[in-house]
Amino acid sequence: MITFFLAGNDTTAIILCWMWYLLALHPDVEAKLHKELDTVLHGRTATVDDLANLPYTEKIMTETLRLYPPIYATMRIAEDTHQLGEYIIPAGAALFVSTYLTHHNPKYFPNPEKFDPDRWTPEFKAQLPKFAYYPFGGGTRICIGEPFAWLEGILVLATIAQRWKLRLAPGQVVDIRPLVTLNPKGSMPMRLERREGLPETKLNN
Ligand code: HEM
């Protein structure tokens with residue numbers, strides 16, 4: 001239970017934080033998100049049944065997990081001695097595998113520093129090698145909470161973005177601070193702005 005609380009809380013909070021940050025910097029992406037939310041939800045509360053109809057919202061989370069993977073490195077212990085390219089990995093050695101670097105590799109992600117949710121087409125996904133994108137790890141110790149994290153991230157983003165825009169506080173300079181998870185350095189104060197021109201709502205939230 002302790003692992004569940006630790007592994008499930010900070011990670012999801014951090015990815016939401018980076019999503020708001022990226023949306024604040026990319027009003028074009030935010031506008032497309034609002035369009036999808038207004039068209040699909042018409043102002044009502046998003047539920048699990050809506051997930052399949054929110055593909056652009058999902059792409060925003062997918063792309064944010066690429067640029068800012070909350071668990072930016074995973075660790076494994078080599079069971080046997082193994083040659084990896086020019087390196088000999090002795091049995092018992094600890095290996096750190098950087099999710100962050102892989103996710104920023106231009107070999108897999110053209111223009112890797114660009115926040116581009118539209119890159120996640122079915123064709124693009126299909127041609128990616130297996131471990132080019134692995135924000136939830138892989139193998140037998142893959143994140144046990146992955147399906148829940150998608151559900152939570154997409155629904156929270158949809159619910160808040162339906163009504164609010166988040167804007168960086170004036171003068172805010174944001175940088176990463178890799179601790180156990182990939183935090184923003186310091187904090188990330190943001191200002192809430194109520195969205196104008198919402199569709200007629202059923203006022204159920
Ligand atoms: C965006 C959210 C999340 C991210 C990015 C994330 C990422 C990860 C990663 C990279 C691992 C290590 C996998 C490996 O070593 O290969 C992991 C493990 C784990 N995660 Fe998540 N996680 C998230 C959300 C959650 C949630 C919501 C829960 C629970 C409700 C959860 C529970 C766990 C647990 C229990 C482990 C340890 C699994 C094991 O060692 O067998 N995670 N997570």
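In listed order, ligands and their atoms are each counted from 1. Scope of the values below: all heavy atoms of this structure, side chains included, with no hydrogens, waters or symmetry mates.
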Check each atom of ligand 1 against the heavy atoms of [X] and keep those under 4.0 Å away; list them by number with element.
{"X": "Phe148", "answer": "27 (C)"}
{"X": "Ile144", "answer": "32 (C), 33 (C), 34 (C), 35 (C)"}
{"X": "Ile71", "answer": "7 (C), 8 (C), 9 (C), 10 (C)"}
{"X": "Gly138", "answer": "16 (O)"}
{"X": "Ala149", "answer": "2 (C), 24 (C)"}
{"X": "Pro135", "answer": "5 (C), 7 (C), 10 (C)"}
{"X": "Thr74", "answer": "14 (C), 15 (O)"}

(request) Could you go through the side chain to side chain contact (heavy atoms under 4.5 Å, CB included) check for Phe109 and Phe124 one step at a time? (result) CA-CA 10 Å; Phe109 303 99; Phe124 178 75; 3.6 Å; yes

Exercise for the section: For Arg76 and ligand 1, answer yes if some heavy atom of the residue is under 4.0 Å from a ligand atom, otherwise no. Expected result: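 A heavy atom of Arg76 does come that close to ligand 1.
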
Looking at ligand 1, is there an atom of it that comes within less than 4.0 Å of some heavy atom belonging to Gly139?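 Contact absent.
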
Give me the nearest non-hydrogen protein atom to [atom] as residue plus atom name, then the distance to 0.1 Å.
{"atom": "atom 4 (C) of ligand 1", "result": "Phe136 CE2, 3.4 Å"}
{"atom": "atom 41 (O) of ligand 1", "result": "Arg141 NE, 2.9 Å"}
{"atom": "atom 26 (C) of ligand 1", "result": "Gly8 CA, 3.2 Å"}

| message | For the aromatic rings, using the six-membered ring if either is Trp, is the centroid distance between Phe115 and Trp18 under 6.0 Å? | response |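 Not close enough - the centres of the two rings lie 6.0 Å or further apart.
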
**Message:** Can you give me the closest heavy-atom contact between Met188 and Leu168, atom names plus distance?
**Reply:**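 Minimum heavy-atom separation between Met188 and Leu168: CG-CD2, 4.0 Å.
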
If every non-hydrogen atom of Ala24 is compared with every non-hydrogen atom of Pro27, which pair is closest and at what distance?
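It is O-CD, 4.3 Å.
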
May I ask which of [options] has a heavy atom nearer to [atom] than the others do?
{"atom": "atom 23 (C) of ligand 1", "options": "Thr64, Thr11, Thr3", "answer": "Thr11"}
{"atom": "atom 31 (C) of ligand 1", "options": "Cys143, Pro69, Gly153", "answer": "Cys143"}
{"atom": "atom 33 (C) of ligand 1", "options": "Gly137, Pro147, Ala7", "answer": "Ala7"}

(message) What I want to check is whether the side chains of Glu63 and Trp120 have a donor and an acceptor closer together than 3.5 Å.
(response)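 Yes - a donor-acceptor pair under 3.5 Å links their side chains.
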
Would you say Arg119's side chain and Pro110's backbone share a donor-acceptor pair under 3.5 angstrom?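 Answer holds: yes.
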
Legend entry - side chain to side chain contact (heavy atoms under 4.5 Å, CB included) between Asp80 and His82, worked out: CA-CA 6 Å; Asp80 303 310; His82 192 76; 5.9 Å; no

- With Pro70, which of Leu182, Asp10, Thr64, Leu65 fulfils side-chain contact (heavy atoms from CB on, under 4.5 Å)?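 Per the side-chain contact (heavy atoms from CB on, under 4.5 Å) rule, the option paired with Pro70 is Leu65, out of Leu182, Asp10, Thr64, Leu65.
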
Find out whether Tyr68 and Leu22 are in side-chain contact, i.e. whether some heavy atom of one side chain is under 4.5 Å from a heavy atom of the other.
->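 SC-SC contact between Tyr68 and Leu22 confirmed.
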
message: Rounded to the nearest 0.5 Å, what separates atom CG in Leu33 from atom CG in Leu23?
response: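 Rounded to the nearest 0.5 Å, the CG-CG separation comes to 6.0 Å.
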
